[in-house]
Structures are given as C-alpha cells and as structure tokens.
Amino acid sequence: MQSVRKVSLSIAVIALAACSQQLKLSKDDSPVVLAHQTITAPSPADSGSFAVNRLYYGSGTDKQRAVFRDSVTLKTKAVDISPFASVQPDNVNDRKSYWGFDMKAVPLNGRVWYPEGPGPFPLVLVVHGNHNPEDYSDPGYGYLGELLASRGFILVSVDENFINGLSGENDGRAWLLLKHLEAWKKFNDSTGSPLYHKVDMDNIALMGHSRGGEAAPLAATFNKLKFYPDDAKQKLGFNFNIKSIVSIAPVDGQYKPTGQFTPLENVNYLVIHGSHDGDVSTFHGLRQFERLKFTDGKPWFKSAFYMYRANHGQWNTVWNNKDNGPRSGRSLDLRALISPEEQRQFGKLVISAFLEATLHGRKEYLPMFRDHRTAGHWLPKTMYITRFQESGYMPLAEYDEDIDVTTGNPGVELLGDSLSTWKEGVLPYRSRGDDQRHNAVWLGWNNRIAGPDTMKMGKTASYMVTISDSLRAVRKPDINSVLYLSLAGTNDKPGPRTVPKDSTKPDTSAAGKARAKAIADSIKNAPKPPDKKTEPDTIPIEITIELADSAGHGVRMPLSRFGTIRRPLDTKVFRREGRDEQRFATTFELVPQTFVMPLADFAKASPAFDAGRLKTIRLLFDKTVAATVVVSDIGISTKIDPAFLASPLP
Amino acid sequence: MPINVRIVAALCFMAPVAWTQAPRAGPLVLLLPASTRATGLGDAFVALRDDAAIFYNPALINPTTNGLYGTFVRYASNGTMGVLSNAVAVGTLNLGWGVEVLEFKARGDAAYPFAPMDVVRAGSRDALSLAAAVGANTTVKGFKAGVGMKYAEDRVDGLLGASGVTPPLRKGVLLGDAGLSHPFMSGTAALAVQNMGDDSRIPLPIQTTLGWTRGLNTSQLDFVFAAEVSERNNWMGGGGGAEVGYGWIEGWSAALRAGLRRTETSAQRPLSVGGTLNADHLALDYALEFFEHSGYAHHLSLRWR
C-alpha cells in the first residue's frame, strides 16, 4: 500500500511539474549601462503642476457602459463604421443584443483627463487594442491620463471595445480616431463646452496599443488622404495637425490599404515593445519605424524602445499580465516579467518625454531618444535596445538598394576584409516566416589562425564604407554632423581561419620537411569547427570605429562609447519546455541598436582629422577575436538638432 | 436559484418518480454507456460535443477533436467492451464513425433481450453484442442537424443444460438516428431520436432524448453541467452530471466528474464517478459504474489527438 502511495505521489509530482522549464534570462547589464544620468531636467515621469480634471463624453445612451450613459458631460452623435469594420453574420444579432447598437451607429465615447487652466493644451488620443470586448480596455490608461494632464496635456482614452473581437477592422479603429478628432474640434469650438478654446488643435498626438498601435499611424495616414483607399466612395479629408504618433506593442500589416503596408511620413514617431510580449510576440513596430520617411524638411524624429522582460499587457492596467487570456499563467512564463509598476513607469517616462519634446517643445528630453543611457537613473533597471533617426538622416548603406554587397547608396562603396561572413539578407523576426521587410549585412570574423597556437592572429577583419568625393560634396559633412550605425550582435561565432594553402614547390630540404610536418601537425591538431549544439557565444562584443579623411588622417574610437553592443537577449515567453523553439525560429528578436556618433567627438580625439573631408568609415573588428554582427544601416546627418547631442555621457 | 441550475433540476426531475424497470430491448450494446466521459456524467451526453457523440446524437459529431478515441470497459469479471470512434470534417459536413463490441458470459436463465445487469452477472454462454455506426451533421439555419445509421447485433451461443437445449441466437438490425442541437441559455440544447428501425425481430430501444449542457470557465476552473430526459417505449429515463476541470500548465489538465441517472434496472446504481487526465495529445478518461452486490464496471478511454 505504501508503494502504491509513493508511485501515486511521484506521478502527481511529475504531472504537476510537467514540462515546465527553468527561467532563463540574459545577464542584466543595467547596473553598468544605466549607471549615468546626464539629463538634468526634472523627470518627465513626475507629475506636473496642473490640477487634473476628468470628464466623459459619449452617446449618453450606452447600454453596457454606465459611465458613457450616466456620466457624460458632452454628448456625441453615433457614427457609421460599417464601411470599415464588419461583423461576421453569425454574430450580428448577438453583438447588437449585447451592445444595443450595430456597426451603423457606434458611439464616440471617451474618458478625458485634462489640466485645470485656460489652455490651449495639446490633445493626445490613446486607443486600446483587441481584448475581450466585455472586459473594457479604455480605463487601463488612467495612469497616463493622470500624469499627462498634470503636465499640461489633454489625454483621451477612446472606447473602441465594441469592435473588439472582429478581424480586419484596424482601418475602422483608425477612422474612429479621426471621428473623435472631429468631435474634439466641436468641443473646442462650442461656447457652452467646458473645453471651449482649451484644446490646441494644432498639436495633436495619437497613441495606440496593440491593434490600436496599427490604428494610430494608420489614422495619421488616412488624415492626409481625401478618400478611403479601399473604397473611394468613402470620403476622408480630415486634415488635422497630427504631429506625433506613439505605438505601444503594435501589430502591423493586419490591415493593408490597397494590399500594401501602410505608408508613413512626416510625423514624430515613438514605438515601444516588450521582449516578453505573449500576444504580439514579434517587434512589428520596427516595420513601422522603417517605413516612416521624412520628406518635407521639417524637424521630425522617430524612436524605438525594445524593453527586456516587458510584456504586452502591463502598459494597460486592465490587461496586465494576461497576454494570452485569463489563464495566461498556464501557458506564459510570467516569472520572466518585469513588475507592472516598472513597466508602466517606463511607459510614463518615454511617452511623457516624447510628448513633451514633440508637443511642448521641451528639447531637454531629446537626448534620451538618441542614447537612452543619458536617462539611466530614470529608466527601470532592465535592458533596452533603441533605434533612432531624425529628419536630417541620409543613408549611406541600407542594404535594400541592390544585390551588390560592395555598393551602398549611390556614391558609397563597401568592402569587407578578412571576414568569415559577409552577406546581405532580410532581417528576420523570431516568428517563423515573418521578417522586418528591411535588409542588413551579416559580418562575421575570427582573427585567430587555426592551429595549436591559440594566440596566433591573422590580419584584423574589417568592413569599410567609402564615400565618394561627389557624394561628400553633396552631403557636406562637417564637425556638427553625426554618423548613424544600427548594429546587433548575434550568437554566431565563426571558426578560426584556416592556414592558407602553400602553392610553392615542395621544399625537399630537411628544414623544409620539418616545416611541412609542423604545418601538417598544426592542421591535424587544429580545433574542430564549433559544434552547432554548443552554447551560444556570450563574450561581449567590442568594435572600433575608424574614420579617415581624404588626406589620410585617421581616428579611432570604441563603438561602445556611443551605445551598448549586445548579443541577442534570451527570450522565452512560454512556460512549457520546448514551446518557444516550436513556435519561433529563434528564442530572441534581432533588434539592431542605433549608435549616433558625433563627428566632433572624433575630431576632438584627433584634431588632425577633418570631419568636412570624411572619406572612410571602417568597422575594425580588433577588440573581439571572433563574432558575427548584423548591420542594418549606416548613415550620416548634417542637420541634426544639437539638442539631441546634449547631455553626453562622461 | 440561478436559471441554469433550475434547468438542470427540471430536466432531472421530469422523469417519473416511479421506480419501474425499463422494458427490455436490444441489442444490448445500445443500452450501455458508450463513452467513459458520458458514464461519469450520468450518461447525460445527448447535448455534448465529443468523440463519442456518434453514439448519442449525430448532430454533435465533432471533428475539432480530430483523433482516435478508444474505450475499454470491464464489467465485473464477466464482460468486456471495446469502443472506437473518430470524426472528420469534409467541407461543411462533419462525418463520424464508431464501433462498439461487447463480449460477456450470459447466464443460462437470462431472458432475451438481455438487460444491462446481465453483463455483470457471471454466466456460461458466450455472448457478443456489437454496433457499427456512421453519421454526419451540418448547420442548417443556425441548427446543427445530424443523421446516423448503425448496424447492431446480438449473438449468443447455445447451451445444453439440465432444462434442455437452449439454441444459439443471432439477431441483427439496421437502425437510424437523427438529432438537432442549438445554442440555448448560454449552453447547448439538443434533441435526439435514436435506434429507429424494424422491431419485428427484436424490441428496439427507440429512444427520444432531450438534453442541455453548459460549459462555464472561471479564472481557474472549467465546469461542465449536463442533464437530459429520455423516453423509451413509455419508460422515462434521464440523468445529469457535473464536471470540474483544472489545468496547471498549457496542455496538461485534469477533471473530476460525477453523475446520477435513472437506471434501466434496479441492479444498476444511479451514481457514477469519473475523471480525466489530459497530457498534450493524450487524454486518459476513467469512470466507475456501480452495480448490485458491490459490482463495478471500470471504463477506461484513451484519446489521441
């Protein structure tokens, strides 16, 4: 009987622990990376000086939402969203019965946090994404509403719960945001409104989470169109002054106007995404980031933050850690997550800084988008990978231009030397079959020569970008210019270089025979190429950047001065052993870090170097013996706002 | 009292209180629970989508659990039953098939058609009861409508006893089933008419069953409630049961269930209990059915998806 109990207990223990994997996280380097705080302004995550008022607007007749029925200060008319969002025929009656309206008459409901004072205040709309329609998502951004209103913004959390659970409706989500802006124009223009002349309709930001994160930039695109691209019978023509977009863990490409990814241009853009997102598990916002082009010469910028250990839902206090539904704990490894408070603190910090910079003109926060280490004490202690570009950026090599690995953009030559890997290809996402729709170059090296002498090194591997005289004449770099480099480390480590073949005639002398034997022995004893099953290389990567002018004056600086070079961050989203490997092609997302390198820093290091005659940019792989990196773009900016370069690290 | 509970209670108590035995009918295999899960739920299975729905209601043949479902039942030390079933989707049609084979020793004095208690009472005549069924369903105006056909047969060896020679017996019959189901009160209501056929050779268990079931998912637990009433040759039967399930990690879960039913004979006990362990593609169901004189039937099923 005792043995039966033991067996039963063993089975129970095995079943209860079934297949759960150990927590695996990358080593946290934040004590070093976030050790500095060079921005001296007050934290943008701190409450401001305004008293905060709150109100609701909406239909006043809402069947399910008491606040939009009983507590509305401003009434709005229903709108017909049916050309943009449709319900499966089987669900039409159920949905209408639940909500009390159909797609032809959806309400414009919003909850508002606004500052006490005469204004006018910039207007920020935030919209949730897809979630259980009956678990209302719009209250989940209250923490942003309280903060932003205290800092002089009007924040509106838009209710789109009634289109949750549909598919292919993100155009409807975007259109609805624009209809809310129409309502806001009326609120601002109506003398009886408590918001009369308090709204700065020339300073508008749209913010969206998840599907809302596709809707917000899409709304900015629709805003400039006269007609709905998929049916010109539907007029758009909104033309609001949308200056900034914030995408929080967005999806991308669920809606494709005319079958294309949504084009984006001339708007400030911020995207944030968590590595441990259990819903939108790939950093889709990077595609939005890449597609956004600055074409009108105005001072825009775009920024991306990849936050290690953040999930999908904790930026919304309703969603929290339920990325995979109410029972997320059964499928997702919630132990890996950063705390909800820290994740929201990060959200408050970067979103507030971005809106302060783009809508209030607070330039003191700009450096943290160029190099997040300038805000090291503000940021919650985890790891971040950031992308950045401002409208002065001009590409030298983006790897989408052609299939010739030796050429970049017109007037740019590329040359690899002593590389083990030199290839261009599309940047993959970790989700199988999905990619970033952007190419990059893979550069792998191993400076060691194969053989028993592990100290024997060959020529240092390098990768050089050469700018033609004609291009330099057009770009006109100077001491105030900056170089851009976006680069990610990988876990791949090429094997040592093989000994070159001896093409001369055999030396039959005794010394020659001895030499030949030594070479043969060294080859025989050479270490075998790395086994693919071995653990990934974890030695930190360091790279030297060498610039030279046309007179041959060179200067070198370590790339780590301008940012953190990291290998991929281990990301296991699921609880079950092997589930991540089954679901994803890799257990990390390849996110290049943007390094912004002021030419002035190089000139300071070597006064002989003439930034105005910049000729070559060389990545010298001299500090790390062997590694592989991915470079997604190299560029130069001659018009960067000096405010981005303020508060440099010591 | 919540309306769901009232519905279950009403269905359970619609059956007459009188403890009359069900009229004899055959083949015997049609009177026995075909599903382990159903056994644990008081055999109230007419409104549940499951691999074994082909034996309860063709309207609920369910290809979403695509895989093979096999059941082994041991009736005391006297009888053994095996069941296999499967379903696939072909276009808008859901197709299902199933086979049941029961082997037992019938007592020499057991009257034909046999009753369920004859499976557990030790005998000496080799007996076999089998059924093979096919069915299909589709959605028509929001209703799931299904039809099924089956062939069922009883075979019993002859016996030379003190009272003389009992001749061997073999009786087979072709039967038809029809069923409907529709969402109702946050659950599923279903109606099935089973075992329609020519009863000139054998009194058939032509049965009409009305049932309702509902799944309820809380933040941690899954509940299933099932109830049904049935009418067979002026005999009212019925039953109901409840199931509670818990999953602690994706792919692994366990469930416990218990059911009560009005039995065919007084030799059967109304209570039955059961459980399930799901481990990824594999599910193991167990149920215990009680008979007179501390007799048991152990039902064990394996489902591979």
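A note on names: the letters A, B, ... follow the listed sequences, proteins ahead of strands, and every chain is numbered from 1.
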Are more than 12 heavy atoms from other residues, nucleotides or ligands located less than 6.0 Å from atom OH of B/Tyr286?
yes
Are B/Asp280 and A/Arg576 side-chain neighbours, meaning at least one heavy-atom pair lies under 4.5 Å?
yes
Tell me if the CD atom of A/Gln64 is crowded by more than 12 foreign heavy atoms within 6.0 Å.
yes
Using the ring pair (Phe, Tyr, Trp, His ring centres under 6.0 Å) criterion, which residues pair with B/His293? Sequence neighbours excluded.
none
Apply side chain to side chain contact (heavy atoms under 4.5 Å, CB included) to A/Arg327 and B/Asp222, showing your working.
CA-CA 11 Å; A/Arg327 296 171 179 180; B/Asp222 297 322; 2.4 Å; yes
Take atom NZ in A/Lys63; do more than 12 heavy atoms of anything else shown fall under 6.0 Å from it?
yes
For chain A, the option from B/Ala254, B/Gly247, B/Ser219 that forms the most heavy-atom pairs under 4.5 Å
B/Gly247
Residue by residue, scan residues 328-343 of chain A and write down, ordered by number, those that have a heavy-atom distance under 4.5 Å to chain B; if none do, write 'none'.
A/Arg330, A/Ser331
Closest heavy-atom pair and its distance - A/Arg575, B/Trp248:
NH1-O, 2.7 Å
